[in-house]
Amino acid sequence: MNFKLKIWRQPSAASKGELRRYEIEKISANTSFLEMLDILNEQLIKSGEEPVAFDSDCREGICGTCSLTINGEAHGPAHPAAACQLYMRQFKDGETITVEPFRVRSFPIIKDLVINRGALDRIVQAGGFISARTGSAPEANSTPIPKHNSDLAMEAAACIGCGACAAACPNASAMLFTSAKISHLALLPQGQAERSRRVLGMVRQMDAEGFGNCTNTYECEAVCPAEISASFIAKMNREYAIASLRDRLGE
Amino acid sequence: MIVAVTGVILILFVIGHLLGNLQIFLGPAWINGYAEHLRELGPLLWIIRAILLIDVLAHIYYTVRLAIENRRARPESYRRKDVVKASFASRHMVISGMILLAFIVFHLLQFSIRAIDPRFAALPHDPLGHYDVYSMMVLGFTSPLVSGFYILAMFLLALHLSHGSSSFFQSLGLNNKNLTPRLASAGRVFAWLLFVGYSSIPAAVLLGWVHLRSHS
Ligand code: HEM
Ligand code: SF4
Ligand code: FES
């Protein structure tokens with residue numbers, strides 16, 4: 001298969017970027033999208049041009065590093081899937097494919113398609129953990145958890161922290177990510193002690209990072225590779241309202 | 001949160017207001033009597049008006065601030081952006097809201113302050129001694145331009161509420177796997193019913209179904 005590519009090139013954070021055109025030929029339909037970019041980069045290196053910088057790690061949809069906006073959709077058109085799980089058979093022969101970074105103020109561009117998603121880490125550092133004595137793993141059945149809760153917590157815990165939700169959101173809001181992290185722990189007994197402090201701290205950090213605000217367009221859940229449901233955002237709104245009320249009452 | 005609560009109050013108002021206005025189809029005595037009842041509320045009416053005014057101002061203040069923050073959160077826009085799920089209404093809340101604001105100002109100038117059309121202030125009272133709201137509405141909507149603007153504004157109101165009237169549940173933290181999709185459909189139906197209800201008045205006047213009646 002042959003493709004025309006329009007790829008965002010930006011030498012550094014401070015410089016201005018632009019879409020540059022490339023052509024690539026004789027790509028097998030079963031090549032993954034990132035492999036196609038690898039092949040392009042080999043061509044560029046051979047011709048003495050700077051290769052396209054893009055991020056990836058696991059290439060199997062679990063690490064959340066491959067932050068590409070492909071043809072105007074975060075992670076490309078194969079929802080639910082991360083960009084690394086996308087194959088060239090998803091595209092038409094001869095198609096023009098536009099590749100851009102995730103565009104969110106809180107994810108500054110480092111180079112070309114590589115962004116800094118540290119803002120998400122700082123949100124987690126603001127409360128997305130439990131304080132517990134470490135050591136050997138406790139006996140699995142010593143803490144009973146209702147099946148329904150453990151299922152929901154697992155659903156929320158599936159978030160891979162890729163940031164696609166904020167990238168796709170018309171308001172660049174990271175509420176799907178934050179709500180998944182909050183709900184995951186709020187649903188489990190281990191998360192109860194820090195439940196109020198967690199939601200207040202994480203939401204404040206999310207706002208401080210400069211993300212936008214949710215207006216319930218649900219674009220996030222449509223692109224999320226982990227199929228996180230926007231119902232967790234409602235849960236976060238609920239948790240936040242209760243926690244700030246408690247906080248105000250001095251509890 | 002504040003946007004949702006202020007929005008819900010506005011929704012309650014538009015339902016009440018529609019039910020009041022539809023009384024025009026029952027004839028002058030009904031609607032003029034209704035208007036008179038409202039006026040008889042005296043201080044209570046002013047309290048309701050004040051609450052609505054504060055509510056509208058708060059709604060606008062917080063939504064505009066929200067919109068500015070949201071725009072700042074993405075300084076460089078995508079060269080290509082495809083929409084996967086977000087509805088047209090949900091992506092155009094600010095513009096539909098702004099035009100509604102222009103409408104609300106015009107609407108108040110026309111029917112409450114009566115500064116647009118000099119005939120309104122000069123209308124004689126109806127035989128029961130009530131202010132003749134009926135004739136005022138008919139006179140106002142005889143102009144195709146005014147009626148057109150009203151119908152357009154009601155279209156935008158429906159658009160705004162086809163998103164807003166279910167979106168506020170989510171903002172208030174109410175979401176349920178079975179109920180939420182149904183609320184979304186119900187919100188849309190509700191919004192378009194409002195459109196039909198409100199637009200029926202200028203449309204009926206234009207079509208001559210509702211016309212001036214001579215008092216005798
Ligand atoms: C006058 C100017 C207005 C402006 C600028 C405006 C703007 C907005 C904006 C930007 C939003 C937030 C977007 C979102 O949540 O999706 C919103 C939400 C909403 N608006 Fe308005 N609006 C206006 C008037 C109205 C009126 C007249 C009503 C009701 C009759 C109304 C009812 C609502 C409701 C129910 C919501 C949803 C709240 C939520 O989802 O939390 N608005 N508006
Ligand atoms: S919620 Fe989904 S889209 Fe957002 S960071 Fe987590 S996995 Fe990515
Ligand atoms: S490279 Fe790990 S999720 Fe795509």
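These numbers were taken from a predicted model, which means no experiment stands behind them. Letters go in sequence order (proteins before strands), and every chain restarts at 1.
For A:Asn216 (side chain) and B:Ser167 (main-chain N/O), a donor-acceptor pair under 3.5 Å exists by modelled atom type. Of the possible donor and acceptor atoms, one in the side chain of A:Asn237 sits under 3.5 Å from a partner among the backbone N and O of B:Gln170. Judged purely by atom type and a 3.5 angstrom limit, A:Tyr240 has no side-chain atom pairing as donor or acceptor with the backbone of B:Gly173.
Contacts between B:Ser77 and chain A at a heavy-atom distance below 4.5 Å involve the backbone alone (N, CA, C, O). With a threshold of 4.5 angstrom between heavy atoms, A:Phe211 approaches chain B through N, CA, C or O but not through any side-chain atom. With a threshold of 4.5 angstrom between heavy atoms, A:Ala74 does not approach chain B through any atom at all. For A:Asp207, no part lies under 4.5 angstrom from a heavy atom of chain B. Interface remark: A:Pro77 contributes no atoms to any contact with chain B (heavy atom separation under 4.5 Å). Of the atoms belonging to A:Cys220, not a single heavy atom falls under 4.5 Å from chain B. Only the side chain of A:Glu221 comes within less than 4.5 Å of a heavy atom in chain B; its backbone stays farther off.
A:Ser231 and B:Lys177 get closest at one heavy-atom pair: OG-NZ, 4.5 Å. Closest approach of A:Pro170 and B:Arg74 over heavy atoms only: O-NH1, 3.7 Å. Nearest heavy-atom pair across B:Val84 and A:His79 is CG2-NE2, 4.0 Å. In this structure, B:Ala73 and A:Gly212 approach most closely via the heavy-atom pair CB-N, 3.4 Å. Closest heavy-atom contact between B:Arg80 and A:Thr98: CD-OG1, 4.1 Å. Residues A:Arg105 and B:Pro75 come closest through the heavy atom pair CB-CD, 3.4 Å.
Within a 6.0 Å radius of CG in A:Leu249, more than 12 heavy atoms belonging to other residues, nucleotides or ligands are found. The neighbour count for B:His17 NE2, taken as heavy atoms of other residues, nucleotides or ligands under 6.0 Å away, is above 12. Remark: B:Phe25 CZ is packed, more than 12 non-hydrogen atoms of other residues, nucleotides or ligands lying under 6.0 Å away. Dense packing is recorded around CZ of B:Arg114, with more than 12 heavy atoms of other residues, nucleotides or ligands lying under 6.0 Å away. The environment of A:Arg20 atom CZ is dense: over 12 non-hydrogen atoms of other residues, nucleotides or ligands sit within 6.0 angstrom. Open room surrounds CZ on A:Arg197; 12 or fewer heavy atoms of other groups in view lie less than 6.0 Å from it.
For chain B, the option among A:Asn71, A:Val104, A:Ile233, A:Thr69 with the highest count of heavy-atom pairs below 4.5 Å is A:Asn71. In terms of heavy-atom pairs under 4.5 Å with chain B, the best-connected choice from A:Glu73, A:Arg103, A:Arg238 is A:Arg103. Most heavy-atom pairs under 4.5 Å with chain A: of the set B:Arg71, B:Lys85, B:Arg91, this distinction falls to B:Lys85. Between chain A and the residues B:Arg79, B:Glu69, B:Arg72, the most heavy-atom pairs under 4.5 angstrom are made by B:Arg79.
Within the 4.5 Å cutoff, no side-chain heavy atoms of A:Thr215 are placed close to those of B:Met93. At least one side-chain heavy atom of B:Val83 sits less than 4.5 Å from a side-chain heavy atom of A:Glu219.
Applying the side-chain hydrogen bond (donor to acceptor under 3.5 Å, both in side chains) test to B:Tyr34 and every residue at least two apart in sequence or in another chain returns nothing.
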